[in-house]
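Only one structure is covered here, and it is reproduced in the block below.
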Amino acid sequence: MRLDKLLSNMGYGSRKEMKKWLKSGAVTVDGKPVKDGKHQVNPEKDTVHVNGEEVHYREFIYLMMNKPQGVISATEDGMHETVIDLIDPDYHLFEPFPVGRLDKDTEGFLLLTNDGGLAHDLLSPKKHVAKTYFARIAGEVTEDDIKAFKEGVTLDDGYETKPGELVILSRGDTSEIELTITEGKFHQVKRMFQSVGKEVTFLKRLSMGPLELDHALEPGEYRELTEEELISLKQR
């Protein structure tokens, strides 16, 4: 990788600003001043310093967020606050994006990353990555609903869903359930319940693939994935 590109990616300024740093001799590679921004470096092997401060290069970031209600799952929006607005500006340098989307009024597990390959893998219909949701439902959820979801239901546009695993936690005038599905159509959970004549009044995603939402995260909070979590995500 070009030295000036590495420094720019890590937030040390634009390439134009990098020229000033380089010209002044403030940038060293393995202890030796380098003034040519085109100089090739290996981020994993070479030690780079700027004004005596070591540059720790990272290509990808992986953040687990407990998305709050009222926030858009997007990188930018002219009218609404986005999940990117909630994270530290230092992370903005990596240009992260949400993997998939949660509706504005849905909360819970959301992965933010700039690893396009991993995101594609997680969202690919061929991979059947499971996503589990907790929901409150207006009305009594029944064994017939469990059976219908297990067989797949027909949405309002005629789409037939893949089988979903519905677990009833409590039932009555308001029921509480957990639902695991392996696809992510627009408003899918809400539309699945609409297909059996019921309405979702609260929805929270609990997990995606092998990763479960960290219960210590309050709505709007986030943290980086641990090494173990990242390995489990890539090796699932």
Q. Are L122 and M64 connected in a single hydrophobic cluster, I mean Ile/Leu/Val/Met/Phe/Trp/Tyr linked by side-chain heavy atoms less than 4.5 Å apart?
A. yes
Q. Which pair of heavy atoms, one from P163 and one from K150, lies closest together, and at what distance?
A. CB-O, 3.0 Å
Show the atom names and distances, to 0.1 Å, of all donor-acceptor pairs under 3.5 Å that link a side chain in residues 73-82 to residues at least two apart or in another chain.
unit_1 : atom_1 : unit_2 : atom_2 : d
S73    : OG     : L102   : N      : 3.1
S73    : OG     : L102   : O      : 3.0
D77    : OD1    : M79    : N      : 2.8
D77    : OD1    : H80    : N      : 2.8
H80    : ND1    : K104   : NZ     : 3.2
T82    : OG1    : I84    : N      : 3.3
T82    : OG1    : D85    : N      : 3.3
T82    : OG1    : D85    : OD2    : 3.3

**Q.** Under-4.0 Å salt bridge between K198 and D145
**A.** yes
Q. Are the side chain of N114 and the backbone N or O of E95 linked by a donor-acceptor pair below 3.5 Å?
A. no
Q. Can you name the nearest heavy-atom pair linking Y133 to R205, along with the distance?
A. OH-NH1, 3.4 Å
Q. Got a sec, which residues hit side-chain contact (heavy atoms from CB on, under 4.5 Å) with S170, two or more places apart in sequence or on another chain?
A. E176
(Q) With a 3.5 Å distance limit and no angle check, can you tell me whether T161 reaches the backbone of V153 through a side-chain donor-acceptor pair? (A) yes
(Q) Could you list the cluster mates of F186? Members are the ILVMFWY residues connected by side-chain heavy atoms closer than 4.5 Å, either directly or through other members. (A) none
Q: Look at the side chain of S195 and the backbone N and O of M192, then say whether any donor-acceptor pair between them is shorter than 3.5 Å.
A: yes
(Q) Among residues at least two apart in sequence or on other chains, which ones pass salt bridge (Lys or Arg N to Asp or Glu O under 4.0 Å) with D156? (A) R191
Q: Treat each ILVMFWY residue as a node, draw an edge where side-chain heavy atoms are under 4.5 Å apart, and state whether V99 and M65 are in one component.
A: no
Q. Under a single-linkage rule joining Ile, Leu, Val, Met, Phe, Trp and Tyr whose side-chain heavy atoms are separated by less than 4.5 Å, which residues share a cluster with V167?
A. F134, L169, F202, L206
**Q.** Gap separating the CZ atom of R101 from the OG1 atom of T106, nearest 0.5 angstrom
**A.** 9.5 Å
(Q) Can you tell me how far apart CE (M208) and CG (L123) are? Round to the nearest 0.5 Å. (A) 5.0 Å
(Q) Going by the rule salt bridge (Lys or Arg N to Asp or Glu O under 4.0 Å), which residues pair with D105 if we only count those two or more places apart in sequence or in a different chain? (A) K190
Q) Do you know the tightest heavy-atom contact between A138 and T201? A) CB-CG2, 4.0 Å
Q | Pair Y91, E224: side-chain N/O donor-acceptor within cut-off below 3.5 Å | A | yes
Q) Is it true that E183 and K127 make a salt bridge, defined as a side-chain N closer than 4.0 Å to a carboxylate O? A) no
(Q) Using every non-hydrogen atom in the two residues, find where T182 and A130 come nearest and quote the distance to one decimal. (A) CG2-CA, 4.2 Å
Q. Between the main-chain N or O of G139 and the side-chain N or O of S175, is there a donor-acceptor pair closer than 3.5 Å?
A. yes
(Q) Nearest 0.5 Å, please: how far is NZ in K35 from NZ in K19? (A) 15.5 Å
Q.
Could you work out, with ring pair (Phe, Tyr, Trp, His ring centres under 6.0 Å) as the rule, every residue matching F109, not counting sequence neighbours?
A. none
Q.
Filter on salt bridge (charged side-chain N to carboxylate O under 4.0 Å, His left out), then keep only pairs touching residues 206-223, sequence neighbours left out; what's left?
A. D214-R223, R223-E229
Q) Same cluster or not: are I87 and Y62 linked, directly or through other Ile, Leu, Val, Met, Phe, Trp or Tyr residues, by side-chain heavy atoms under 4.5 angstrom apart? A) no
Q | Q40, CD atom: more than 12 neighbouring heavy atoms under 6.0 Å | A | yes
Q. Using a distance-only test with no angle check, is there a side-chain donor-acceptor pair under 3.5 angstrom linking Y222 and N66?
A. no
Q: Rounded to the nearest 0.5 Å, what's the gap from CD on E107 to CG on L213? Could you check?
A: 9.0 Å
Q) Does R2 pair with D4 as a salt bridge, N-O distance under 4.0 Å? A) yes
**Q.** Test side chain to side chain donor-acceptor pair (under 3.5 Å) applied to T180 - qualifying residues, sequence neighbours left out
**A.** T132
Q: Report whether I72 and L110 are members of the same hydrophobic cluster (ILVMFWY, side-chain heavy atoms less than 4.5 Å apart, transitive linking).
A: no
Q: Can you measure from NZ (K67) to CG (L86) and round to the nearest 0.5 angstrom?
A: 9.0 Å
Q. Among all residues two or more places apart in sequence or in another chain, which pass the salt bridge (Lys or Arg N to Asp or Glu O under 4.0 Å) test with E54?
A. none
Q: Would you mind reporting whether I137 and I177 have side-chain heavy atoms less than 4.5 Å apart?
A: yes
Q | Sequence neighbours excluded - ring pair (Phe, Tyr, Trp, His ring centres under 6.0 Å) pairs with any residue from residues 146-182 | A | F149-F193
Q) Which heavy-atom pair separates P33 from G25 by the least distance, and what is that distance? A) CB-O, 4.3 Å
Q: Determine, using the 4.5 Å side-chain heavy-atom cutoff (strictly less than), whether L230 and L112 are members of one ILVMFWY cluster.
A: no
Q) Any idea which heavy atoms bring V141 and I168 closest together, and the distance? A) O-CD1, 3.4 Å
Q) Rounded to the nearest 0.5 Å, what separation is found between the CD atom of E160 and the CG atom of D157? A) 11.0 Å
Q: Please name all residues satisfying side-chain contact (heavy atoms from CB on, under 4.5 Å) with K23, sequence neighbours left out, ordered by chain then number.
A: none
